[in-house]
Amino acid sequence: LAQARGLLLTGNFVPCSRARAAAAPLFAAMSPTDFSKFDMTYYTKSALAGGICCSITHGAVCPVDVVKTRIQLEPQKYNQGMIGGFRQVISE
């Protein structure tokens, strides 16, 4: 594995069979995956967590994007930076 890693870091090409052979001990040491835990509850929780995180991110980033876009489109009107832009957008 060290030899394959060294070849990759130096930019030299590593044939797929040599890289696979070097990584084989890593995969042999991994325990088999227990797929019984991946039921409908698992996927429902994952989807709910993703939706919550996405809504928080969307709520934080979209207002910044609105102000940035307005500054780009009308630099004469929105010329007081991001904070001033926020105040101006809210006041409109």
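Along the sequence shown, residues are numbered consecutively beginning with 1.
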Quiz item: If Ile, Leu, Val, Met, Phe, Trp and Tyr residues are connected whenever their side-chain heavy atoms lie under 4.5 Å apart, and connections chain through other members, are Leu73 and Met82 in the same group?
Solution: no
Quiz item: Sub-3.5 Å donor-acceptor pair from the side chain of Asp39 to the main-chain atoms of Tyr42, do we have one?
Solution: yes
Quiz item: What closest approach, in Å, do Tyr43 and Phe38 show between heavy atoms, and which atom pair accounts for it?
Solution: CE1-O, 3.6 Å
Practice problem: Specify the closest pair of heavy atoms between Lys68 and Asp65, including all atoms of both residues, with the distance to one decimal. | Solution: CE-OD1, 3.0 Å
Quiz prompt | Gln88 side, atom CD; Glu74 side, atom CD - distance, nearest 0.5 Å | solution = 9.0 Å
Quiz item: Under a 4.5 Å cut-off applied to non-hydrogen side-chain atoms, are Ile71 and Val67 in contact?
Solution: yes
